[in-house]
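This report refers to the structure that appears directly beneath it.
Positions are given from 1, in the same order as the sequence printed here. Only heavy atoms go into these numbers, but all of them, side chains included; no hydrogens, no water, no symmetry mates.
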Amino acid sequence: PGVLVRVEGGVLLGLSVLLYWLSGGSWVLFGLLLFAPDLSALGYLGGSRVGAALYNAFHTYALPAGLAGIGLVGGSSLAVSVALIWFAHIAMDRLLGYGLKHPTGFKDTDLGRL
């Protein structure tokens with residue numbers, strides 16, 4: 001399963017970058033926001049349980065999918081761009097083997113121990 005998750009991450013990363021390029025998004029914005037979801041790791045300052053919950057909330061596809069939907073329906077290219085960058089970040093993490101966190105500690109993930 002780990003290999004499949006990495007392959008899936010690579011495919012989604014490529015697709016996210018392709019869609020971002022086709023939509024004409026700013027590459028400066030892409031560079032500035034690519035690692036923004038990792039700021040959620042600051043939740044670990046509140047302990048492992050809070051940290052894992054916050055990190056996982058920002059590293060699942062649900063929030064960027066909702067943002068993309070709002071952007072598409074509302075005609076906001078910025079919202080779509082941010083969602084695609086967010087998708088790219090999560091996909092890049094999966095490609096590199098970073099999974100969702102368990103409340104036992106930052107290094108305990110659904111893809112194994114880091």
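- Neither Leu13 nor Val11 shares a network with the other; the hydrophobic side chains, linked directly or stepwise wherever heavy atoms of I, L, V, M, F, W or Y lie under 4.5 Å apart, form separate groups for each.
- The ring-ring contact (aromatic ring centres under 6.0 Å, His included) search around Phe35 returns none, not counting sequence neighbours.
- Scanning all heavy atoms of the two residues, the minimum distance from Ser48 to Pro103 falls at CB-O, 3.0 Å.
- Asn56 CG to His102 NE2: the interatomic distance, rounded to the nearest 0.5 Å, is 8.5 Å.
- Val73 belongs to no multi-residue hydrophobic cluster, having no ILVMFWY side-chain contact under 4.5 Å with any other such residue.
- Not counting sequence neighbours, the partners of Tyr55 by the ring-ring contact (aromatic ring centres under 6.0 Å, His included) test are His59, Phe106.
- For residues 22-35, the set of pairs meeting the side chain to side chain donor-acceptor pair (under 3.5 Å) definition, not counting sequence neighbours, is empty.
- To the nearest 0.5 Å, atom CG of residue Leu12 and atom CD of residue Glu8 are 7.5 Å apart.
- Hydrophobic clustering of Ile, Leu, Val, Met, Phe, Trp and Tyr side chains at less than 4.5 Å, counting indirect connections, unites Leu72 with Leu63.
- No single ILVMFWY cluster, assembled from side-chain heavy atoms under 4.5 Å apart, contains both Leu15 and Leu4.
- Residues meeting the side chain to side chain contact (heavy atoms under 4.5 Å, CB included) test with Ser77, sequence neighbours left out: none.
- Legend: residues meeting ring-ring contact (aromatic ring centres under 6.0 Å, His included) with Phe58, ordered by chain and number and at least two apart, are Trp86.
- Every side chain to side chain contact (heavy atoms under 4.5 Å, CB included) that Leu33 has, sequence neighbours left out, goes to Leu29, Ala36, Val82, Ile85.
- When all heavy atoms are compared, the tightest approach of Ser16 to Ala88 is OG-N, 3.8 Å.
- Linking Ile, Leu, Val, Met, Phe, Trp and Tyr residues whenever their side-chain heavy atoms come within less than 4.5 Å places Leu78 and Trp21 in a single cluster.
- The side-chain heavy atoms of Val5 and Leu95, taken from C-beta on, include no pair separated by under 4.5 Å.
- Residues passing the side chain to side chain contact (heavy atoms under 4.5 Å, CB included) test with Leu96 are Met92, Tyr98, sequence neighbours excluded.
- When the ring-ring contact (aromatic ring centres under 6.0 Å, His included) test is applied to Phe87, the partners found at least two apart in sequence or on another chain are Tyr61.
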What do the steps show when you test Arg94 against Leu100 for side-chain contact (heavy atoms from CB on, under 4.5 Å), and what is the final call? CA-CA 9 Å; Arg94 297 299 187 278; Leu100 298 174; 3.5 Å; yes
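- A 4.5 Å side-chain heavy-atom check between Phe30 and Val17 finds at least one atom pair inside the cut-off.
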For Ile90 and Thr60, what are the C-alpha separation, side-chain angles and deciding distance, and is it a side-chain contact (heavy atoms from CB on, under 4.5 Å)? CA-CA 7 Å; Ile90 296 168; Thr60 58; 5.8 Å; no
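- Hydrophobic cluster membership of Val28, counting Ile, Leu, Val, Met, Phe, Trp and Tyr whose side-chain heavy atoms lie under 4.5 Å apart directly or via other members: Leu32.
- Listed by chain and number, the hydrophobic cluster partners of Val50 come to none, as no ILVMFWY side chain reaches under 4.5 Å of it.
- Under the rule for a side chain to side chain contact (heavy atoms under 4.5 Å, CB included), Ile70 has no partner lying at least two apart in sequence or in another chain.
- Residues Leu67 and Ala83 come closest through the heavy atom pair CD2-N, 3.9 Å.
- For the residue pair Gly25 and Ser81, the shortest heavy atom distance occurs at CA-OG, 4.2 Å.
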